[in-house]
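Both ligands and their constituent atoms are indexed starting at 1 by order of listing. These numbers were taken from a predicted model, which means no experiment stands behind them.
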Amino acid sequence: MELFKYMETHDYEQLVICQDKTSGLKAIIAIHDTTLGPALGGTRMWTYASEEEAIEDALRLAKGMTYKNAAAGLNLGGGKTVIIGNPRTDKNDEMFRAFGRFIEGLNGRYITAEDVGTTEEDMDLIHLETDYVTGVSAEFGSSGNPSPVTAYGVYKGMKAAAKEAFGSDSLEGKTIAVQGVGNVAYTLCEYLHEEGAKLIVTDINNEAVQRAVDAFGAIAVGIDEIYSQDADIFAPCALGAIINDETIPQFKCKVIAGSANNQLKNPEHGDIIHEMGIVYAPDYVINSGGVINVADELAGYNRERAMKRVAGIYDTIEQIFAISKRDNIPTYVAADRLAEERIARVAKSRSQFLQNEKSVLSNKK
Ligand SMILES: NC(=O)C1=CN([C@@H]2O[C@H](COP(=O)(O)OP(=O)(O)OC[C@H]3O[C@@H](n4cnc5c(N)ncnc54)[C@H](O)[C@@H]3O)[C@@H](O)[C@H]2O)C=CC1
Ligand SMILES: CC(C)CC(=O)C(=O)O
């Protein structure tokens, strides 16, 4: 990858490579855009095939956060971290403390939280070194693990998508194929089961599958079988790029609505599913519940206020469908438009001169 060329093409601000030999920390912090405010985005810990793959993931996820935070109406920019390593075997306390010190060094340009492979306990360790961390344990007055709230937002967004596709937002009797039954999807399945949906699940982790089978009477299918299920709704809740040339021909669903980040392998795949008449709830809008929840901590956490805002994902998804129909564009383009227009408006309104200690007028104070 030609790094500077890539960063220039996609308007990235900063890429920070952090290493700490003692703890084995290898982290990449990507900051995409801070027009709206400090960059907020989670930390993913994952075993990447190469350093290049890890850098690319950090960059792609950080850009997604810029759009997610903008579309959610938050005064926050976009950033993300990936830590290279196996979250089951490679963690130690010093690693997260060292990472916390690197975040502190950015002086508030980047605020972190949980993502795949990191937990509330990891955030507590980061918190020993910096206040620029959210999703810390409730005992610190924090909102805790964002996953259940992300699930609530996905549930609300899925209902809005069902209304668009089937004329009613009831999920009772609908068959929903869920890919990955981890932190977010397990709670999502709880909501769906409670409303009377039939669940089909898959996961690379057999224990996670069994838990969903036992708790919700879900039907388990193989990893590669999930795309071709006779389901009304496909809910991708594992990793990204699962809407691609291989999977699209297998889809029988009318709706795609799930928590995974970066679901479209390439933008063209969003065009293809749009032409097929599949109602696609854009990933970074439907999964913004977690970030809305942790962002609320920055104003002093109020759960009622946060949940009300997360429930608003229903309206945002409806707004995106309306833009899509009005402008005859795929829903992912409509979501990008919503986010980009907000960033452009704020950038313009913040371009006026304001006196500060570095300005030529500072000695006149
Ligand atoms: N946790 C949160 O609050 C948020 C999560 N997301 C996204 O939602 C997705 C899920 O996040 P979490 O539930 O937190 O992660 P998680 O790690 O708890 O769950 C992911 C699950 O997917 C499974 N999985 C991995 N590869 C798979 C494959 N090829 N096929 C089937 N299953 C597979 C894993 O075994 C795991 O059970 C991720 O893409 C994450 O970035 C997005 C916004 C917020
Ligand atoms: C609070 C986090 C879950 C934010 C984030 O990284 C995300 O929404 O992907």
Asker: Quick test of your reading: applying salt bridge (charged side-chain N to carboxylate O under 4.0 Å, His left out), list the pairs with at least one residue in residues 72-101, sequence neighbours left out, ordered by first then second residue.
Answerer: K80-D115, K91-D122, R97-E129, R101-E129
Asker: Identify, by atom number and element, the atoms of ligand 2 in contact range of A113, meaning under 4.0 Å from any of its heavy atoms.
Answerer: 1 (C)
Asker: Taking C-beta and beyond as the side chain, do N86 and M45 meet within less than 4.5 Å on heavy atoms?
Answerer: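 With C-beta onward as the side chain, the pair stays apart.
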Asker: Hey, which atoms in ligand 2 end up nearer than 4.0 Å to a heavy atom of G41?
Answerer: 6 (O)
Asker: Check I126, L125, T130 against F99 for a side-chain contact (heavy atoms from CB on, under 4.5 Å) and give me the one that passes.
Answerer: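 Looking at I126, L125, T130, the match for F99 under the side-chain contact (heavy atoms from CB on, under 4.5 Å) is I126.
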Asker: Any sub-3.5 Å donor-acceptor pair from Q229's side-chain atoms to E225's backbone N or O?
Answerer: yes
Asker: Heavy-atom distances under 4.0 Å decide this one: backbone, side chain, both or neither, for N261 against ligand 2?
Answerer: side chain
Asker: State, with a plain yes or no, whether a side-chain heavy atom of I256 is found less than 4.5 Å away from one of Q263.
Answerer: yes
Asker: Looking at atom 7 (C) of ligand 2, what's its closest protein heavy atom, distance included?
Answerer: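 That would be K68 NZ, 3.2 Å.
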Asker: Y67: what forms a ring-ring contact (aromatic ring centres under 6.0 Å, His included) with it, not counting sequence neighbours?
Answerer: Y284
Asker: Who's the nearest protein heavy-atom neighbour of atom 9 (O) of ligand 2, and how far?
Answerer: K80 NZ, 2.8 Å
Asker: Heavy-atom contact check, 4.0 Å cutoff: does R44 meet ligand 2?
Answerer: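 No, that is not the case, since the closest heavy atom of the residue is not under 4.0 Å from the ligand.
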Asker: Between K265 and E246, is the closest basic N to carboxylate O distance under 4.0 Å?
Answerer: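 No salt bridge links E246 with K265.
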Asker: Give the residues near ligand 1 by chain and number, with the criterion being a heavy-atom distance under 4.0 Å.
Answerer: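 Those residues closer than 4.0 Å to ligand 1 by some heavy atom are R44, K68, D115, V116, P146, S147, T150, G180, G182, N183, V184, D203, I204, N205, I223, C237, A238, S259, A260, N261, N287.
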Asker: Do ligand 2 and G42 have nitrogen or oxygen atoms that lie under 3.5 Å from each other?
Answerer: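 Looking only at distances, the answer is yes, because the N/O contact criterion of under 3.5 Å is met.
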Asker: Which residues pass the side-chain contact (heavy atoms from CB on, under 4.5 Å) test with A54, sequence neighbours left out?
Answerer: I28, Y48, V82, I84
Asker: Does S137 reach the main-chain N or O of S142 with its side chain, forming a donor-acceptor pair under 3.5 Å?
Answerer: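 Checked: no pair found.
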Asker: For V294, take its heavy atoms, then give the atoms of ligand 2 lying under 4.0 Å from any of them.
Answerer: 1 (C)
Asker: Distance to 0.1 Å, residue and atom name: give those for the protein heavy atom nearest to atom 3 (C) of ligand 2.
Answerer: E114 O, 3.4 Å
Asker: Is it the case that the ring center of H127 lies less than 6.0 angstrom away from the ring center of F140?
Answerer: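 Ring centres of H127 and F140 closer than 6.0 Å.
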